[in-house]
Every structure is written in C-alpha cells, then in structure tokens.
Trainee: 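The structure under discussion is supplied below as structure tokens; questions concerning it will follow.
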2 protein chains.
Amino acid sequence: MAGQDRFPAQDAEILSNPLRRTEGEEATAILRERVLNGDLAPGERLHQVPLALSLGVSRTPLREALVNLAQEGLLEYEANRGYTVRRFGMEDIQQAYAVRARLEGFACWLCATQGLPEAAAARLRACLEAGDRILAAGTLTPEGLPPYRAMNVEFHETLLACAENRFVRSFVHQTQNVPMASDRLFVWEDHAIIRRSHDDHHRILRAILAGQGERAEALMREHVTFAWEVLRDLLRR
Amino acid sequence: MAGQDRFPAQDAEILSNPLRRTEGEEATAILRERVLNGDLAPGERLHQVPLALSLGVSRTPLREALVNLAQEGLLEYEANRGYTVRRFGMEDIQQAYAVRARLEGFACWLCATQGLPEAAAARLRACLEAGDRILAAGTLTPEGLPPYRAMNVEFHETLLACAENRFVRSFVHQTQNVPMASDRLFVWEDHAIIRRSHDDHHRILRAILAGQGERAEALMREHVTFAWEVLRDLLRR
DNA sequence: GCCCTCCCTCATGTATCCAATCCTAAGAGG
DNA sequence: CCTCTTAGGATTGGATACATGAGGGAGGGC
C-alpha cells in the first residue's frame, strides 16, 4: 500500500489524482505509519532536522506533516517546543472502541432506515460470499487471512459509505487512527471467533435489508464491542 | 482534533501558556472564524499571497493554518491547485446534528454510568440555578441571552468533560465546526422553547445523578434533535 | 471558423535563510 | 554545597528565494 493512504476509500483521495502527491502528503503518510506501528517511541520528541533528513525532504513539507498528525491526535504540540509522539494507553483504545461501536451501530441504523442502493447491497453480498468461501475449509489458513481482512474492511467501509453521513465516516476513521485500534491489524487465530464475527456480518446485512434499524444497530454495536474484548484480552498477554 | 479546538474552555488551552501563541495558530483561529461566519464565500479559492497579506503574516504560517482547516473539514484541498472554502448545505448541518445527538447522548450515558465527581455536579447545579434566575423574569431579555448562552455552553462542556472519553469530546466539537451548527449561535427568541430546553437540562442532570443512563441518554438525544428542528425551521425562512 | 499547440504567466510546493525562543550548563554569589 | 544568574548552543517559528506544475491566451494549422 505504498502510495495509498490509510483509508483507501476516502472520497477525496480516490476521486482526485492519486498519482501526483506532494512531499508533504507523502511525509504525512509515512510518519503516520511510523507512529501507528510504534516505530516512534511514545513520548519521543520529534526533532525536525534529523526527521527531515531521514525522510529525505526539507523541513517545510515535514512541518506540514507534523501539523497534520498533531491535528489527527497522533502527536502533541507545544508552541516553541515542538512535537512529541502521543502516549496511548489501554484507556485510549477502549475509548476509541466504545465510540466506534456506537458510531458504526448508528451507521447501520442509517443504512436500514434509508435503504441500501442495489449496487451496495450486491457488494455486501459479495463480501459475505467471499467470507463464506474463505471460511468454508473449516479453519482459517494463514493464506486466508489477508483476503478475509480485506473483505472485512470492505464490508465495514461500504456500510459507512451507504450511511451517507460524512461525520460518522470521518469519526470512525479517526477512532482507527490509534495504535492497535485498527481493524486492519486483527490477528484472530481463533477460528470460532472469526466464524461468529462473520455470522454477525450475515445478520447485520439481513437486518439492514429488512429495514430493521434497531436490530442492525444493536448487532453492529455488539460486533465491535466484542472485537474490543478480544483485542483487550490479547493485549493483556 | 489535537492542536486547535476552538473552545477556550479546553484544559490544554488555559493551562498551558495562553499568551504565547504562534502566528500559525493565530491565523488558524482567524481563518476558522472567517469561514464559520461566512466572510469567505463557499467554493471560493484561497490564494495564498493575498490572504497572507490580509492577515499580516507570511505564507509559512498561513499554510499551516490552511493545512489545519483542511483537516478540520472547513476547506478542501487539491494538490498543486490550492484550497477552496468547503460548500456546506442543509444536509451537512443535519448530519452534524444527527451525530451530535448520538454522541452527546452517549456522553450522558457515560456520566450516569460512571458517576459524576462532586465538583462537576456542583458546577452543573450552578448552571441550572443560573439558568433559572435568567428565566425567572418570565421572558428572556436581550441582555439575558449572552449569559444564558454561556451557561448552556458550560453545561454541555462539563458533561462532555465528565464523560472522560476524549474521542466523544473531540467529535462533538468537530460537529460544531460547521457553519450554523454551533450552539453558540442559537437565536431562540421564543421563550417557550428556551424554557423547555432548560427543563431538559434539569431532567438530564437528575437522571445522571440517579444513575439512569438510558434515560439521560434519551433526554440528551432529544434535546439536541429538537435544537436541530428549531434551527432548521429558522434557516428555511 | 474551429481546434490544437506552444509558450508565458501565475500560483503553489520546496528549500534555505534569518530571527526568536528555549534548554543547558558553567560560573559567581550566598 | 546549593542556588540563582547568565551566556552559549540548539531548535523551532517565520520570511524569502527558487523550482515546478497549472491555467490561459495567442498564434498557426487544418
């Protein structure tokens, strides 16, 4: 995902020229990854000159990146003292998931209430079928993980897009802009859990298509909440 | 969400040096106001040199401001083509209120569930009493509006702070970062409406103190939803 | 007459330079 | 021995100079 932003489906990114990116945008993407991956230690001060050198750009585009990431909440800024990597604790991740559960639930409610465009319904059905195929073996092989993850992302992103509320969409993305809190990173080796999770997807789409807003919302909220519990138990070890 | 949150009550703003602000921060604040006030026409292209001149700064801090506002969603950016003022429609405001109703409702649920610190409860009670006094006359005089508005802001901000979820707080602020969508701008001349709204506040606090999470959440959601309806009717005229 | 191309101008993106601020540490005084 | 003061270097903030890509108009070809 070299030239791609973290959220490939972001409207602006794909509609406008994805090829011509400024160094500032490039630096933003790279630094964001570094922070989310933990390459930069929490609390670490970011000195501009060495950082710019390591990125092969001058201080100007670097500063643009720092401003961006500070506003995304990944960095902290103090005037005349520079930027530091934000310290994230379990509470941050917990808070992110708590909000995300509500927001994605709301998105499902919106989808159920407004109705899905046929094209979107088809895409979602395709996601479910793809998941079915991957899980058909009875166990999720290591080779099956990347496509499953991609399917998972597309399912959630499609719902967010169909909710037609740019704030919900943006906010959900922001909750994923926290180390460890991205659903792109899940490492559920437990087949039973992933099976159940995929079953949630089936029920969610069914509820939405049936116009059952409250049910779809409750299902999605639980879906995300449970993902948090799994992640929490995993992080505790 | 990080660096600039346009709400003076933010702890970071007042605790850290409020005096020493960088020109970039200054320019961000000024430009943000200009966009929210409509001083800059929607869709208008922002040329950097004249803008910098009008702000009395050079392009460097100006660009910092543009980056900030673009990520706040107030401006749109296209590489090598510059920034334009985002066009906001009724749907944007409606979406903002819809999300805000949910988020502030969630914040109330959190407050009720976690319990309020005594200091916060005292502040909220003081808000209610202040509102009672202002409305005691039986009609809201023009001189009564600013203090009522300040009280209203403090009430909501206090609840958001007590929810102890930085995402909720940040997201609510972001939904207010939309022209016309700030609760600082309400112009309810109708005394009955404002009376009812203040009664909501009373009930919300009572529900929270009684640990009635669902009730507090429902009350706040309705409180915000109704504010939207009033605003919508007002904008239609 | 219409369209295509080339070139010129202007705006943006990037680099560098200068100024202001902060941190450190050494030294003097108590 | 501790503390306060004060330079010095280092780092960030802001201004300006340079490079690159976008847009528009004039001119020529079809």
Side-chain angles (χ1 to χ4, degrees), chain A residues 2-3 5 12-13 15-32 34-35 40-41 43-72 74-86, chain B residues 2-4 12-13 15-32 34-35 40-41 43-72 74-86:
Chain A
D5 207 352
E13 297 269 338
L15 291 181
S16 69
N17 39 11
L19 25 102
R20 196 164 308 287
R21 291 178 64 177
T22 69
E23 294 186 27
E25 296 173 299
E26 198 75 37
T28 304
I30 296 176
L31 269 187
R32 188 189 290 118
R34 286 200 190 172
V35 174
L40 296 165
E44 179 177 344
R45 176 135 173 227
L46 299 179
H47 293 268
Q48 296 179 3
V49 176
L51 238 192
L53 284 172
S54 94
L55 291 173
V57 299
S58 82
R59 280 180 60 214
T60 307
L62 169 65
R63 289 179 54 179
E64 182 180 325
L66 293 173
V67 170
N68 267 314
L69 298 180
Q71 238 204 353
E72 288 180 15
L74 289 174
L75 303 180
E76 283 175 350
Y77 171 72
E78 205 169 346
N80 293 316
R81 297 193 44 187
Y83 297 84
T84 53
V85 180
R86 181 185 191 103
Chain B
Q4 282 290 74
E13 296 264 341
L15 290 182
S16 71
N17 40 12
L19 26 102
R20 198 164 306 288
R21 287 180 66 178
T22 182
E23 292 187 32
E25 297 174 298
E26 199 75 37
T28 304
I30 295 176
L31 268 187
R32 188 189 290 116
R34 285 201 192 171
V35 175
L40 295 165
E44 180 177 343
R45 175 134 175 227
L46 299 179
H47 292 267
Q48 296 179 3
V49 175
L51 238 191
L53 283 172
S54 94
L55 291 173
V57 299
S58 83
R59 281 180 60 212
T60 306
L62 170 65
R63 286 176 55 107
E64 182 180 325
L66 293 173
V67 169
N68 269 314
L69 297 180
Q71 228 193 348
E72 287 179 15
L74 289 175
L75 304 180
E76 284 175 351
Y77 172 70
E78 204 168 345
N80 293 317
R81 296 194 44 189
Y83 297 84
T84 54
V85 179
R86 183 187 187 100

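Please read these numbers as outputs of a predicted model, since none were measured by experiment. The sequence lines fix the lettering, A, B, ..., with proteins before strands; numbering per chain opens at 1.
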Trainee: Kindly point out which of dG13(C), dA15(D), dT11(D) is positioned nearest to the side chain of H47(A)?
Mentor: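 That would be dT11(D).
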Trainee: Using heavy atoms to find the nearest nucleotide of DNA chain C for V49(B) and G56(A) separately, return the residue whose nucleotide is more 5′.
Mentor: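 Nearest nucleotide further toward 5': that of V49(B).
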Trainee: OP1 or OP2 of dG14(D) less than 4.0 angstrom from a side-chain nitrogen or oxygen of T22(B), does that happen here?
Mentor: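 For T22(B), the contact criterion (side-chain N or O under 4.0 Å from OP1 or OP2 of dG14(D)) is met.
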Trainee: dA11(C) C1' sits how many Å from L62(B) CG, rounded?
Mentor: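 These atoms are roughly 13 Å apart.
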Trainee: Looking at every heavy atom in both V85(B) and L75(B), which two are closest together, and how far apart are they?
Mentor: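 That would be CA-CD2, 3.9 Å.
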Trainee: For L53(A) and dA10(D), what is the distance between atoms CG and P respectively, to the nearest whole Å?
Mentor: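 For the pair L53(A) CG and dA10(D) P, the rounded distance is 15 Å.
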Trainee: Minimum heavy-atom separation for L31(A) to A65(A), with atom names?
Mentor: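 Answer, listing the atom of L31(A) first, then A65(A): CD1-CB, 4.3 Å.
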Trainee: Rounded off to whole Å, could you give me the CZ-to-C1' distance for the R21(A) and dT12(C) pair?
Mentor: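 So the two atoms are 18 Å apart, to the nearest Å.
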Trainee: Quick one: Q48(A) CD to dA15(C) C1', roughly how many Å, whole number?
Mentor: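 For the pair Q48(A) CD and dA15(C) C1', the rounded distance is 14 Å.
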Trainee: Tell me whether the side-chain N/O atoms of R63(A) come closer than 4.0 Å to OP1 or OP2 in dT12(D).
Mentor: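 R63(A) to dT12(D) OP1/OP2: no side-chain N or O under 4.0 Å.
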Trainee: Could you tell me how far apart E78(A) (CD) and dT11(D) (P) are, to the nearest whole angstrom?
Mentor: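 My rounded result for the distance is 17 Å.
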Trainee: Could you please name the option among dA15(C), dC23(C), dG13(C) that lies closest to any side-chain atom of R81(A)?
Mentor: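 Nearest listed nucleotide: dC23(C).
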Trainee: For E64(B) and dG13(D), what is the distance between atoms CD and P respectively, to the nearest whole Å?
Mentor: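 To the nearest whole Å, that distance equals 7 Å.
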Trainee: Please find the pair of heavy atoms, one from R34(B) and one from S54(B), that lie closest to each other, and give the distance.
Mentor: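 Shortest heavy-atom contact: NH1-OG, 3.5 Å.
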Trainee: What pair of heavy atoms forms the shortest contact from R45(B) to T84(B), and how long is it?
Mentor: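 Heavy-atom minimum between the residues: CA-CG2, 3.9 Å.
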Trainee: Could you tell me the separation between the CG atom of L66(A) and the C1' atom of dT11(D), rounded to a whole number of Å?
Mentor: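 Checked: the CG to C1' distance equals 13 Å.
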Trainee: Of the listed nucleotides (dA11(C), dT14(C), dG13(D)), which one gets closest to any side-chain atom of S58(A)?
Mentor: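 Of dA11(C), dT14(C), dG13(D), dT14(C) is nearest to the side chain of S58(A).
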Trainee: Considering just the side-chain nitrogens and oxygens of Y83(A), establish if one lies under 4.0 Å of OP1 or OP2 belonging to dT11(D).
Mentor: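 No.
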Trainee: As a test of reading the structure: which of dT12(D), dT12(C), dT16(C) is closest to the side chain of R45(B), going by heavy atoms?
Mentor: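 Between dT12(D), dT12(C), dT16(C), the one nearest the side chain of R45(B) would be dT12(C).
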Trainee: Return the minimal non-hydrogen interatomic distance between R32(B) and L74(B), and the atom names on each side.
Mentor: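 Between these two residues, the closest heavy atoms are CG-CD1, 3.6 Å.
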Trainee: Report which part of the nucleic acid T60(A) touches: base, sugar-phosphate, or nothing (heavy-atom distance under 4.0 Å, all strands).
Mentor: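 Result for T60(A) = base.
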Trainee: At 4.0 Å (heavy atoms only), tell me whether L46(A) reaches a base, stays on the sugar-phosphate, or touches nothing.
Mentor: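 Sugar-phosphate, backbone atoms only, no base.
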Trainee: Reading DNA chain D from 5' onward, which residue's closest nucleotide shows up sooner: R59(B) or N80(A)?
Mentor: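 By nearest-heavy-atom nucleotide position, the 5'-most residue is N80(A).
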